[in-house]
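Letters A, B, ... are given to chains in the order of the sequence lines, protein chains preceding strands, and every chain is numbered from 1.
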Protein chains: 2
Amino acid sequence: MLDLRKQQILQAVVEDYISTAEPVGSRTLARKYRLGLSPATIRNEMADLEDAGYLDQPHTSAGRVPSDKGYRYYVDCLLELQPPSPQERQRIEENLSYRREGTYVVQAAARLVAEFAPYAVLAVMPGLNRSRLRHLQLLPLDDHHLLLVMAADPGVIDTRMLELSTPLDRKERRRLVSLLNRDLAGLTLSDLDATIRQELRDELGPALYEQIMDQLHDVLSGSEPGKVLVEGLVNLLRQPEFQDVQKLTSLLEVLGRQDEWLIDLLRRRVRPGEIGVSIGRENEEEAIQSCALVTAGYEVRGEVVGMLAVVGPTRMEYGRVLGLMREVAEELSRVLDEL
Amino acid sequence: MLDLRKQQILQAVVEDYISTAEPVGSRTLARKYRLGLSPATIRNEMADLEDAGYLDQPHTSAGRVPSDKGYRYYVDCLLELQPPSPQERQRIEENLSYRREGTYVVQAAARLVAEFAPYAVLAVMPGLNRSRLRHLQLLPLDDHHLLLVMAADPGVIDTRMLELSTPLDRKERRRLVSLLNRDLAGLTLSDLDATIRQELRDELGPALYEQIMDQLHDVLSGSEPGKVLVEGLVNLLRQPEFQDVQKLTSLLEVLGRQDEWLIDLLRRRVRPGEIGVSIGRENEEEAIQSCALVTAGYEVRGEVVGMLAVVGPTRMEYGRVLGLMREVAEELSRVLDEL
DNA sequence: AATTAGCACTCTCGCCTGGTGAGTGCTAAG
DNA sequence: CTTAGCACTCACCAGGCGAGAGTGCTAATT
């Protein structure tokens, strides 16, 4: 635990560095922040903070820069969460409330965050497997193709083309459709997968059953995770830490990866109802060890159905971002809950 | 028209510059390409080419660099189109042929191009307005919401949530559904918009008609253009011309713009059956005047339903890209035609 | 014992400098 | 018309230098 004065100095260093992106020296600190201390004293304290690992020194005669540990302490103990401005809050409400489909709401949320904070934003769409099913309907397109339309709880619509090797006549289609549409509301798709299978097999012939089930299985088993959306990439280009194309490349490679990888990345960081922060080397994934992630899950009926994340340099405006994310995630959950 | 020797020299300059990204001098040219000429002669010819506007000189004592006009001449007269390798061709066929939904096929095509060429790729999904309608179906979700499911010709599925201010009972839903699903196959959605309206108004009450039509109209009027996909952004970071974050930023801003803007950009460049090339200053849009665009439309039953574009520096491997795009666009059209 | 003033020291950054090399344009010879 | 020769230009690089910011240490002050 740091004493009060060290805390004040650490806080000043972090906040100054966050706003200027320049190493901060004792003189600047004494001038800008009313600490009532001379530069010399501050120097001593900063030396202590450096020894304790909260600050780094890029080179002997430069100012100090917060280390990952320094940011961590700041976020955990010093940070005051900064709620969005009234204007921002209003924009958030306006933009989220009127949309009728879950995916668009989530997309709008990601855009908003990317607009209000100068970093990149990841959004994981609600996955069908996690959601509660409301409707499952088959539409015959032609005699070899059925279109499976799924409507799940937070206003998520997805469709899937099913291909049949043997044609189905009209009557069989009807039977299949009514079979599937019976008694399904309120089950998760994974439940469906387990409970309805046997019943289906009995009612359909085994051949037809196999064909359809093979393809349904892909969808229902949850191997189809929510899609991932990236917004505000350009924001990163304005950050001085990404002026170096090298770093930018490695980050962009990460953000361009497979959806599964990104979802997994986020899922490990998201806990229901709280905002997660992981800073620099705290991240196991090497490619993002010079970044900070702020993650939030959004929920429908108390269940996390998707995630939002802000990706930026460790020198991130944590106060603003945390406040923003809390607001947006809550509003998002609220709006989706009503769909 | 340039004489043969000037053509050869221009070609050598362009190709050398494309592969090295370094201004090319007379000595290099004489050594690398068997022109049977001394550096001095080449110098004279290059001076002529510069006077005529085909080459630029970054500064007095550097080599020459092709100008936009030089690239244009190269593309129009000197280029030999380089078809993809057998392996590439095989990958293309494999990756496009087995998918059942148009949007995934197009996405796969864009990914392939971005994999085989080190530039960014834009893909415009088939728009519903342009496609031919196969199925239009309404699913009642609850008494205030209908889900409109549209299946159009090149395997395009789209859904749209319709909201009703007054609830519909079961019977009315049925009537609506059967009404809409009757006699629609083979019409474009825009045709539908014009022809069926009156009939619908007669059969439904005017109040209900207005509610539904207002919302249908958005979808059917074609104000809903195909979505735009961007692949291979990271490729650009490897290009020396985008090491400068400035240029990168302006380009990324363009690629991140509204779908409508990008679609409009491409539409003006696409002619059925041919590959379009626009180079540097030839582009009206200021933000891409340091880029080259290679555009191709893909077709279903002879009608352009979507577009692909490669975006890169003017120093682009035109031979490879043109060959690749021709192959991919053709294969794409072929596969979609079969859906 | 804590704080601070003073001072020498370190290190980066920007600027200038001169040398190097690639490439040119010109001229005159082949 | 082509080419060899030559003087010239200019970007690039390395090294040197001064300025400025910031540090750590020491001694004086409170």
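Looking at residues two or more places apart in sequence or on another chain, you find a side chain to side chain donor-acceptor pair (under 3.5 Å) between Arg72(B) and Asp76(B), Glu282(B). Partners of Lys6(A) according to the salt bridge (Lys or Arg N to Asp or Glu O under 4.0 Å) rule, which considers only residues two or more places apart in sequence or in another chain, are Asp3(A), Glu45(A), Asp48(A). Not counting sequence neighbours, Asn235(B) has no partner by the side chain to side chain donor-acceptor pair (under 3.5 Å) test. The side chain to side chain donor-acceptor pair (under 3.5 Å) test applied to Arg271(B) returns no partner, not counting sequence neighbours. For Thr249(A), there are no side chain to side chain donor-acceptor pair (under 3.5 Å) partners, not counting sequence neighbours. Partners of Glu327(A) under the salt bridge (Lys or Arg N to Asp or Glu O under 4.0 Å) rule, at least two apart in sequence or in another chain, are Arg89(A).
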message: What does the B/S/- profile of nucleotides 14-19 of chain D look like, 5' to 3', with a 4.0 Å heavy-atom cutoff to protein?
response: ------

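Of all nucleotides in DNA chain C having an atom under 4.0 Å from a heavy atom of chain A, the first and last in 5' to 3' order are dT3(C) to dT12(C).
Under 4.0 Å is where a charged nitrogen must lie from a carboxylate oxygen, and between Glu241(A) and Lys247(A) no such pair does.
Proximity of residues 237-248 of chain B to DNA chain C (heavy atom under 4.0 angstrom from any strand atom) is not detected for any residue. Contacts with DNA chain D (heavy atom under 4.0 Å) in residues 11-29 of chain B: none are found. For residues 43-62 of chain B, proximity to DNA chain D is found at Arg43(B), Asn44(B), His59(B), Thr60(B), Ser61(B), defined as any non-hydrogen atom under 4.0 angstrom from a strand atom.
When atom types are taken as modelled, the side chain of Gln239(A) and the backbone of Arg315(A) share no donor-acceptor pair closer than 3.5 angstrom.
Pro39(B) places a side-chain heavy atom less than 4.5 Å from the side chain of Arg43(B).
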Using residues 12-20 of chain A as the side-chain source, report each donor-acceptor pair under 3.5 Å to any protein atom, sequence neighbours left out, with the distance given to one decimal.
| unit_1 | atom_1 | unit_2 | atom_2 | d |
| --- | --- | --- | --- | --- |
| Glu15(A) | OE2 | Gln11(A) | NE2 | 3.1 |
| Glu15(A) | OE2 | Tyr74(A) | OH | 2.9 |
| Asp16(A) | OD1 | Lys32(A) | NZ | 2.7 |
| Asp16(A) | OD1 | Tyr33(A) | OH | 3.0 |
| Ser19(A) | OG | Glu15(A) | O | 3.4 |
| Ser19(A) | OG | Asp16(A) | O | 3.2 |
| Thr20(A) | OG1 | Asp16(A) | O | 2.9 |
| Thr20(A) | OG1 | Glu22(A) | N | 3.2 |

